[in-house]
Amino acid sequence: INPTTKKKDKIHLPALLSIDTLHCINIPKMAEFYCKKDTAYRFNLDKNNKIATIKITGLNPYEMEASSIDFYKQLITDFKTINDNKIKNLIIDLRYCFGGSPEYGATLLSYLSKKSFHIFDTLHTVINKIPTYSKYTDWTAADWEKEIPQLIELNNNPQAKNSWTDFRDTLFLPSKNLFNGSIYVLINSDIHSAAAITSALLKQNTNAIFIGQPISGPYNSGNAIDMITLTLPNTKINIYIPLINYSYAITDYLGKSKKGITPDIFITSSIKDIINNKDVVLDSTISLIKLKNYR
């Protein structure tokens with residue numbers, strides 16, 4: 001029923017393809033299997049086959065804190081372990097990682113990229129004056145008075161430097177414990193936000209092999225920061241409005257194909273695999289590495 005006219009309308013939806021129905025089925029089952037939230041970060045070392053696996057199901061600082069993990073210290077420890085044991089193959093599993101902090105993903109990349117890099121290259125303001133709805137936001141008038149001049153400055157000069165631009169100008173350098181072996185990144189369509197950014201940065205700055213299913217959104221998805229909450233005065237519905245959007249420091253940022261990263265090796269699980277809790281993507285990746293080591 002159309003809420004404006006109060007009349008009945010018809011909506012035509014496209015038919016589901018078999019791969020879509022599989023996706024609908026596997027979300028609750030696979031999420032339960034792969035994303036047991038006992039911890040947002042797992043590290044596993046297979047010394048016999050020279051394989052290390054890092055699985056991240058949350059790049060959110062709060063999830064790391066809930067997991068009793070200091071992400072930055074954990075990376076220092078784990079990559080030292082990797083290099084001390086002369087591990088030649090690293091699997092990074094980002095499946096069902098819904099996002100969090102881009103800095104976390106960039107810090108991970110600093111252990112894998114031989115060159116320095118930025119996450120973002122340009123910021124654009126979406127507000128350059130105190131908006132008429134300011135009294136309905138969670139920002140006080142004093143906050144607006146303080147921040148708007150910097151937003152105006154950034155609006156007039158996207159390359160300006162002020163307290164907003166540290167996010168853009170941070171340069172990530174290669175880590176002391178840089179990994180020099182083969183990298184395999186496991187992806188699927190349930191990678192979002194900071195996890196998608198991390199995948200794109202890995203794609204551009206390393207020679208990683210991507211395995212699994214395509215990421216659902218292009219590189220320019222999820223590009224808003226410093227959200228304010230606007231509470232509509234009558235309905236009391238909350239609306240989140242970003243003050244700034246940004247461009248990724250990625251060659252194909254605009255995503256000419258309007259698609260996310262396509263895996264180099266496409267692997268999907270069957271319904272039988274899902275029911276039996278069999279991780280075909282991870283198992284196939286390990287088999288590929290063992291075959292390479294054998295050769």
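Computation of the quantities below employed the complete heavy-atom set of this structure, encompassing side-chain atoms and omitting hydrogens, waters and symmetry-equivalent molecules.
- Ion pairing between K290 and D46 fails under the 4.0 Å rule for side-chain N and carboxylate O.
- For residues 198-217, no residue pair satisfies the ring pair (Phe, Tyr, Trp, His ring centres under 6.0 Å) rule, not counting sequence neighbours.
- One finds the CZ atom of F98 at 12.0 Å from the CG atom of L59 (value rounded to the nearest 0.5 Å).
- Applying the side chain to side chain donor-acceptor pair (under 3.5 Å) test to residues at least two apart or on different chains, the pairs with a partner in residues 102-118 are S101-E103.
- With salt bridges taken as basic N to acidic carboxylate O contacts below 4.0 Å, one links K203 and D264.
- To the nearest 0.5 Å, atoms CG (D279) and OG (S269) are separated by 6.5 Å.
- Grouping Ile, Leu, Val, Met, Phe, Trp and Tyr residues whose side-chain heavy atoms lie under 4.5 Å apart, directly or via other members, places M227 in a hydrophobic cluster with Y240.
- Remark: N83 CG to L178 CG distance equals 8.0 Å, nearest 0.5 Å.
- No side-chain heavy atom of L243 sits under 4.5 Å from any side-chain heavy atom of T125.
- The shortest distance between side-chain heavy atoms of I244 and L151 falls below 4.5 Å.
- Once rounded to the nearest 0.5 Å, the distance linking CG of L45 with CD1 of I82 reads 7.5 Å.
- One hydrophobic cluster, built from ILVMFWY side chains closer than 4.5 Å, holds both I265 and I289.
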